[in-house]
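Taking it in order: structure first as structure tokens, then the write-up.
All values derive from a computational prediction rather than experimental measurement. Just so we're on the same page: letters track the sequence lines, and every chain starts at 1.
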Amino acid sequence: MNANEPKEHQDFIRQAVQRDRDAGKHGGRVHTRFPPEPNGYLHIGHAKSICLNFGIARQFGGKCNLRFDDTNPLAEEQEYVDAIMDDIRWLGFQWDELHFASDWFDRLWDDCVRLVKSGKAYVDQLDPRKLRELRGDWFQPGADSPYRDRPVEANLELLERMRKGEFADGEYVVRAKIDMAHPNTNLRDPAMYRIRHARHHRTGDRWCVYPMYDWAHGQNDSYEGITHSICTLEFEDHRPLYEWFIESLGIHAPQQIEFARLNLTYTVLSKRKLLQLVKEKLVDGWDDPRMPTIRGMRRRGVTPEALRAFCEHIGISKFNSVHEIELLEHFLRDDLNRICKRRLAVLDPIELVLTDWPTGKVDLVDALENPEDPSAGSRQVPFTGRLLVERDDFRDPAPKKWFRLAIGQEVRLRYGYFVTVHSIERDAQGNVVRLLATHDPRTRGGNSPEGKKVKGTIHWVAQEHAIDAEVRLYDRLFAVADPNDVPAGKDWKEFLNPNSLATRTVSKLEPSLAQAKPGERFQFERLGYFIADDRDGRPGALVFNRTVALKDSWSKLEKKLGPEE
RNA sequence: UUCGGUAUGGUGUAAUUGGCAGCACAACGGAUUCUGGUUCCGUUAGUCCUGGUUCAAGUCCAGGUACCGAAACCA
């Protein structure tokens, strides 16, 4: 951030901004904007853009606007506007100015009239099919519309009648007069206005002509005094048009700069596919914790700090890259490890009875709130002779290098006692239903007075004191790294991960968790990071979502040791 | 076949603009540990290809190759 930090790498956009500012361009001002269309929810790809635009403003002492690109009344809704603003604030950013493309409709119309007057735009009345036909293609130049040279006065009159609503949808269209043979098809007389007798979520029925993206966007940037208009790669071909409009109008000229949009392994980011997942109920809504939407990630328990750290570290380039989800998980764990209080929770319980425990005795043992943060202090957890432990923490017979519960193997119950299983009880089907063990009373708190070591430490809860909860274990949405790479004859939805959600309804938690507030995050020791769900859960009927599991080097080891003999 | 872009370890991203290819994640190995977590140390591994200029090329030049985007009255 400042000069005494070790030299910092700037991406090519920041370098350009820096150069412009140092050269005194735009009076040394830096002004960016984030321009979402309010026709869907923000996802992690938008987060990258938000961090970039707001981050540049912050870094260079400039401003960043939020502008809703609401030029298509058919797609856009107020609901999305509210959600987008909420998500941006949650991410930790605040816009300097709030604008809507629709707020500029009057001025934009005036500029259109100006362009028509100067002979640089005209009213066309080709039907869409014919218009498209005359545009040509990548290999063939287009041809002029027969209406291209309509006199200015006639254009002006038609323009006025269009605006007044005298024509039906699609009957007329305003086009820029550029070059129908231009190798860049964007410059083959692009449409500026189309007629749409549709109610707009902000302007209501005031307009029946709506501007196209290319005509609106650059001018809006200009009106707002934007200095650097940052967008994604697919608009690179539009830049000449962006510049043509501004130059033709003779107004303030922002610099459009393009960067590669974000891609992530094991997920999809296209609005279309995300929408499909929701509509076909393949996920439980836009805020399903498996969704890469900001709302989904919020519910999953992702922190804004982790998301920002991720966005800052992935960098900005023009290379179409795919980031590994592991990187996001790294920053998530990094943040969560620092801030989360630890709790004991058993997701798939099996009974562990201490046969030598004094009947009825309840021992309150001290447990650290967060070993990473001594100032967080400690809490007390009730320990008794009837405990529940994780079914997966017991094996019979024990595999190689197994440090956890097995017959005759002493392990530590975290913050409790050393215990040794001596026998097990099975049901009629042969399933283990109860472990019978003894404890070493001298190891209270988890340490042996003579310094005896045990290799395994496991978590537990006391049966009579534990509370119930539903715990949802989330995993990657897709089973393959690149669900966009679909072999012929297959559908991308076939690659959804069937195990992306596993619900544990029999989970038992340590009693202090009864006070958990919706949205509160914890580490369940040895399991992962969890957040109290604020939609389906409430005090008394707790639901926890797993944000991300702890790293698990045992499962790797186990895999490497191979199938048991 | 047109136009516009992009190529650096498995992944992503740097390289003072011609001067020892660095960082992070991942993987692997080890140390520490009352979480098989955390932390710490270490290892593997890279400049798309072919030529050229130069004392010196990831960087400059020439020619290839591969990949991405673009032909909405969507954004």
Can you tell me if [X] touches the phosphate of [N], counting only side-chain N or O atoms and a distance under 4.0 Å to OP1 or OP2?
X        : N      : result
A:His330 : B:rC25 : yes
A:Arg175 : B:rC73 : no
A:Thr457 : B:rU35 : no
A:Arg342 : B:rU38 : no
A:Arg412 : B:rU33 : no
A:Lys556 : B:rG36 : no
A:Ser321 : B:rU13 : yes
A:Thr265 : B:rU11 : no

Under the side chain to side chain contact (heavy atoms under 4.5 Å, CB included) test, which residues partner A:Glu410, sequence neighbours left out?
-> A:Phe418, A:Thr420, A:Asp440, A:Lys452, A:Val454
N/O contacts under 3.5 Å, protein versus nucleotides 5-9 of chain B?
unit_1	atom_1	unit_2	atom_2	d
B:rG5	O2'	A:Glu236	OE1	3.4

Looking only at N and O atoms, is any donor in the side chain of [X] or the base of [N] less than 3.5 Å from an acceptor on the other one?
X        : N      : result
A:Glu372 : B:rG37 : yes
A:Arg333 : B:rU38 : no
A:Asp237 : B:rG69 : yes
A:Glu324 : B:rG10 : yes
A:Glu326 : B:rU11 : no

More than 12 non-hydrogen atoms from neighbouring residues, nucleotides or ligands closer than 6.0 Å to CZ on A:Arg391, yes or no?
-> yes
More than 12 heavy atoms from other groups under 6.0 Å of CZ on A:Arg132 = no
Which one, [options], comes nearest to the side chain of [X]?
X        : options                : answer
A:Pro371 : B:rU17, B:rG36, B:rU35 : B:rU35
A:Thr185 : B:rG12, B:rA70, B:rC73 : B:rA70
A:Trp138 : B:rC73, B:rU13, B:rA71 : B:rA71
A:Asp11  : B:rA75, B:rU2, B:rA14  : B:rA14
A:Arg196 : B:rU2, B:rA24, B:rC73  : B:rC73
A:His238 : B:rA75, B:rA15, B:rA71 : B:rA75
A:Lys551 : B:rU38, B:rC3, B:rC73  : B:rU38
A:Leu550 : B:rG37, B:rG36, B:rA70 : B:rG37
A:Asp69  : B:rU35, B:rA75, B:rC73 : B:rA75
A:Asn184 : B:rC3, B:rA75, B:rU35  : B:rC3

Return the stacking result for B:rU1 and A:Phe139: yes when the ring centres lie under 5.5 Å apart and the planes under 30°, no otherwise.
-> yes
If we take the P atom in both B:rG58 and B:rC73, what is their distance in whole Å?
-> 48 Å
Worked verdict on A:Tyr80 versus A:Tyr41 for ring pair (Phe, Tyr, Trp, His ring centres under 6.0 Å) | CA-CA 6 Å; A:Tyr80 296 123; A:Tyr41 293 93; 5.2 Å; yes
Is A:Ile246 close to A:Asp221 at the side-chain level, that is, under 4.5 Å between some pair of heavy atoms?
-> no
Let me see the working for A:Gln59 and A:Gln10 under side chain to side chain donor-acceptor pair (under 3.5 Å), right down to the final yes or no.
-> CA-CA 11 Å; A:Gln59 178 183 347; A:Gln10 287 199 140; 2.8 Å; yes
What residues, two or more places apart in sequence or in another chain, satisfy ring-ring contact (aromatic ring centres under 6.0 Å, His included) together with A:His459?
-> none
Considering residues at least two apart in sequence or located in another chain, which fulfil the ring-ring contact (aromatic ring centres under 6.0 Å, His included) criterion with A:His323?
-> none
Starting at the 5' end of RNA chain B, which residue's closest nucleotide do you reach first, A:Glu76 or A:Phe12?
-> A:Phe12
In whole Å, what is the span from the [atom1] atom of [X] to the [atom2] atom of [N]?
X        : N      : atom1 : atom2 : value
A:Asp334 : B:rU38 : CG    : P     : 10 Å
A:Tyr266 : B:rG12 : OH    : P     : 14 Å
A:Arg526 : B:rU38 : CZ    : P     : 14 Å
A:Ile325 : B:rA26 : CD1   : C1'   : 14 Å
A:Met192 : B:rC74 : CE    : P     : 15 Å
A:Leu262 : B:rC68 : CG    : P     : 18 Å

Test A:Phe530 against every option in A:Phe522, A:Phe524, A:Phe544 by the ring pair (Phe, Tyr, Trp, His ring centres under 6.0 Å) rule and name the one that passes.
-> A:Phe524
Ionic contact status for [Y] with [X], cut-off 4.0 Å:
X        : Y        : result
A:Arg261 : A:Glu236 : no
A:Arg202 : A:Asp103 : yes
A:Asp552 : A:Lys556 : no

Where are the stems of RNA chain B, defined as at least 3 consecutive Watson-Crick or wobble G-U pairs with both distances under 3.5 Å?
-> B:2-7 with B:65-70, B:10-13 with B:22-25, B:27-31 with B:39-43, B:48-52 with B:60-64
In terms of side-chain heavy atoms, does A:Tyr223 have a donor or acceptor partner in A:Asp111 at a distance below 3.5 Å?
-> yes
Tabulate atom names and distances for all N/O pairs under 3.5 angstrom spanning the protein and nucleotides 29-31 of chain B.
unit_1	atom_1	unit_2	atom_2	d
B:rG29	OP1	A:Lys560	NZ	2.5

Check against side chain to side chain donor-acceptor pair (under 3.5 Å), A:His201 and A:Asp70 | CA-CA 9 Å; A:His201 71 108; A:Asp70 55 350; 3.3 Å; yes
